[in-house]
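I have placed the structure first, in the form of structure tokens, so that the comments after it can refer back to it.
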Amino acid sequence: SGIALAMIIFAYLLGSVSGAILICRLAGLPDPRLHGSGNPGATNVLRIGGKLAAAGVLIFDVLKGMLPVWFAYLLNIPYFYLGIIAIAACLGHIYPIFFHFKGGKGVATAFGSIAAIGWDLTGLVAGTWLLTVLLSGYSSLGAIVSALVAPFYVWWFKPEFTFPVAMLSCLVLIRHHDNIQRLWRGQESRIWQKLKKKR
Ligand code: G3P
């Protein structure tokens, strides 16, 4: 339907607004695409700009995934389209039309869309990310492990959303190929080092 298509386009455009690039620009911080890991995301802003800027980026990028799905749900758009809308938001973040199609890794935005499904699921996925990061010290490993298990959680709670969530997981995992190589070689930087370097 027309409204569903409009929401898909809206989700992609909103997803294309990079929280990291925007907030760093507004806060007078270095361009996250040129510093640290080069990734325009909350983790890298933590590395180059500190906790407050990183928290802002995280909230902004989570909302990009959450709001379009919520709006679409309130507009009674069929479930099938909710998944497409979530994927569109994530694709916007990863391939932003406003930034030469060079965006982030989609972790916060995919999480936002999954969080829109329900609070139990939100807690499980966030808990998995947090536990992995606390145990390993790697933000990227938190994202990788969460992406791997999220489809199973969704399959358990809301099976009708398993396929779109699996698609989101694939996007996130594909975007972490560099991190996977660094982790494998033992060259990935830990989140604590990032914080220490800053202070
Ligand atoms: O959220 C992205 C994170 O998983 C990895 O970011 O900057 O360490 O490559 P980064």
Side-chain angles (χ1 to χ4, degrees), residues 15-25 27 29-66 86-87 89-96 99 101-115 122 124-151 165-199:
S16 287
V17 183
S18 166
I21 299 171
L22 202 73
I23 287 174
C24 284
R25 214 174 263 178
L29 293 165
D31 189 328
R33 293 167 295 181
L34 305 174
H35 295 84
S37 69
N39 187 59
T43 302
N44 200 34
V45 171
L46 178 66
R47 214 172 265 136
I48 64 181
K51 285 182 200 169
L52 189 65
V57 173
L58 183 65
I59 293 167
F60 189 95
D61 287 346
V62 167
L63 288 176
K64 296 193 307 188
M66 194 183 260
I87 293 165
C90 201
L91 283 173
H93 179 83
I94 297 174
Y95 305 105
F99 301 104
F101 302 99
K102 289 194 178 85
K105 300 184 182 178
V107 181
T109 304
F111 172 73
S113 294
I114 293 172
T122 309
L124 262 180
V125 178
T128 302
W129 185 90
L130 202 64
L131 192 68
T132 311
V133 174
L134 288 175
L135 290 176
S136 72
Y138 300 117
S139 173
S140 58
L141 192 64
I144 291 160
V145 171
S146 302
L148 287 173
V149 297
V165 169
M167 292 292 102
L168 291 175
S169 287
C170 284
L171 285 173
V172 168
L173 289 171
I174 288 165
R175 293 296 280 181
H176 279 77
H177 66 272
D178 285 340
N179 299 89
I180 292 167
Q181 279 177 355
R182 283 198 292 271
L183 285 164
W184 194 253
R185 298 197 195 109
Q187 291 167 347
E188 183 71 308
S189 66
R190 284 200 164 82
I191 209 160
W192 330 121
Q193 293 168 355
K194 296 166 197 174
L195 287 168
K196 261 186 239 159
K197 237 183 265 168
K198 201 58 219 159
R199 295 283 139 209

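Numbering of ligands and ligand atoms starts at 1, following listing order. Note that this is a predicted model, so its numbers are computed, not measured. Values below: all heavy atoms of this structure, side chains included; hydrogens, waters and symmetry mates excluded.
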Problem set entry | N39 neighbourhood, listing ligand 1 atoms whose heavy-atom distance to it stays under 4.0 Å | 7 (O)
For this session: Scan I114, T109, L91 and name whichever one has a side-chain contact (heavy atoms from CB on, under 4.5 Å) with L168.
Result: I114
Exercise. Can an N or O of E188 be found at a distance shorter than 3.5 Å from an N or O of ligand 1?
Worked result: no
Problem set entry | Rounded distance (nearest 0.5 Å) linking atom CD1 of I180 with atom CD1 of I144 | 4.5 Å
Problem set entry | Separation of E188 CD from S139 OG (nearest 0.5 Å) | 8.0 Å
Problem set entry | Under 3.5 Å side-chain donor-acceptor pair for H93 and K64 | yes
Exercise. Taking only heavy atoms of S37, which atoms of ligand 1 are found under 4.0 Å from at least one of them?
Worked result: 7 (O), 9 (O), 10 (P)
Exercise. Does a sphere of radius 6.0 Å around CG in L52 hold more than 12 heavy atoms from other residues, nucleotides or ligands, not counting ones at 6.0 Å or beyond?
Worked result: no
Exercise. Of all the atoms in ligand 1, which lie at a distance below 4.0 Å from a heavy atom belonging to A143?
Worked result: 4 (O)
Exercise. So how far is it from H35 NE2 to N44 CG, rounded to the nearest 0.5 Å?
Worked result: 10.0 Å
For this session: Would you mind listing which atoms of ligand 1 come within a distance below 4.0 Å of any non-hydrogen atom of N179?
Result: 5 (C), 8 (O), 9 (O), 10 (P)
Exercise. Looking at R47, which atoms of ligand 1 are within less than 4.0 Å of one of its heavy atoms?
Worked result: 7 (O), 8 (O), 10 (P)
Problem set entry | Atom indices of ligand 1 within 4.0 angstrom of K105 heavy atoms, with elements | 9 (O), 10 (P)
